[in-house]
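What follows is a single structure, written as structure tokens, with notes after it.
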Amino acid sequence: MGYIYKTKGTCSSQIEVELDGNIVKDVKFTGGCNGNLQAIPKLVYGMTVDEVVSRISGISCNGRGTSCGDQLAKALTAAYEASRA
């Protein structure tokens, strides 16, 4: 299931996620720090939504109160909830 999430408070503007049930199959960021945004999708591939959320939710970037990782946790949660509706 594909899902597009509009980010808030980060350099990236959106995150596209693809789930298979609760397993992360693909993540694509639009905008943001190129190196980090290439690494994050590779690190979370194959993990469950809950596992990703528990590891990266709440991370802050430069005092913004959020980060691309935190926004990914929100995106995965929203995508999973949408898939169950």
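Atom set for the values below is all heavy atoms of this structure, side chains included, hydrogens, waters and symmetry mates excluded. Every value quoted in this text rests on a predicted model; they were computed, and no experiment measured them. Sequence positions, counted from 1, serve as the residue numbers for this chain.
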### Message
Any non-hydrogen side-chain atom of Cys61 less than 4.5 Å from a side-chain atom of Thr66?
### Response
no
### Summary
Correct closest heavy-atom pair for Arg64 and Gly9 would be CD-O, 3.2 Å
### Sidechain-backbone polar pair: Ser67 side chain, Ile59 backbone, donor-acceptor under 3.5 Å
yes
#### Entry: Minimum-distance pair of heavy atoms, taken over all atoms of Val53 and Thr77
CG2-OG1, 3.5 Å
### Query
Between Phe29 and Leu72, is any pair of side-chain heavy atoms under 4.5 Å apart?
yes
### Query
What are the two closest heavy atoms between Ala79 and Val17, and how far apart are they?
CB-CG2, 3.6 Å
### Summary
All heavy atoms of Gly21 vs all of Tyr80, minimum pair found to be O-CD1, 3.6 Å
### Message
On a heavy-atom basis, which atom in Lys8 and which in Gln71 lie closest, and how many Å separate them?
### Response
N-OE1, 2.9 Å
### Summary
Given the options Leu19, Ile15, Leu37, Val27 meets side-chain contact (heavy atoms from CB on, under 4.5 Å) only with Ile15
### Query
Same hydrophobic cluster for Ile23 and Val52, using side-chain heavy-atom links shorter than 4.5 Å among ILVMFWY?
no
### Summary
Nearest heavy-atom contact between Ser12 and Gly31 is CB-O, 3.5 Å
### Message
If you count heavy atoms of other groups shown closer than 6.0 angstrom to NZ of Lys28, is the number above 12?
### Response
no
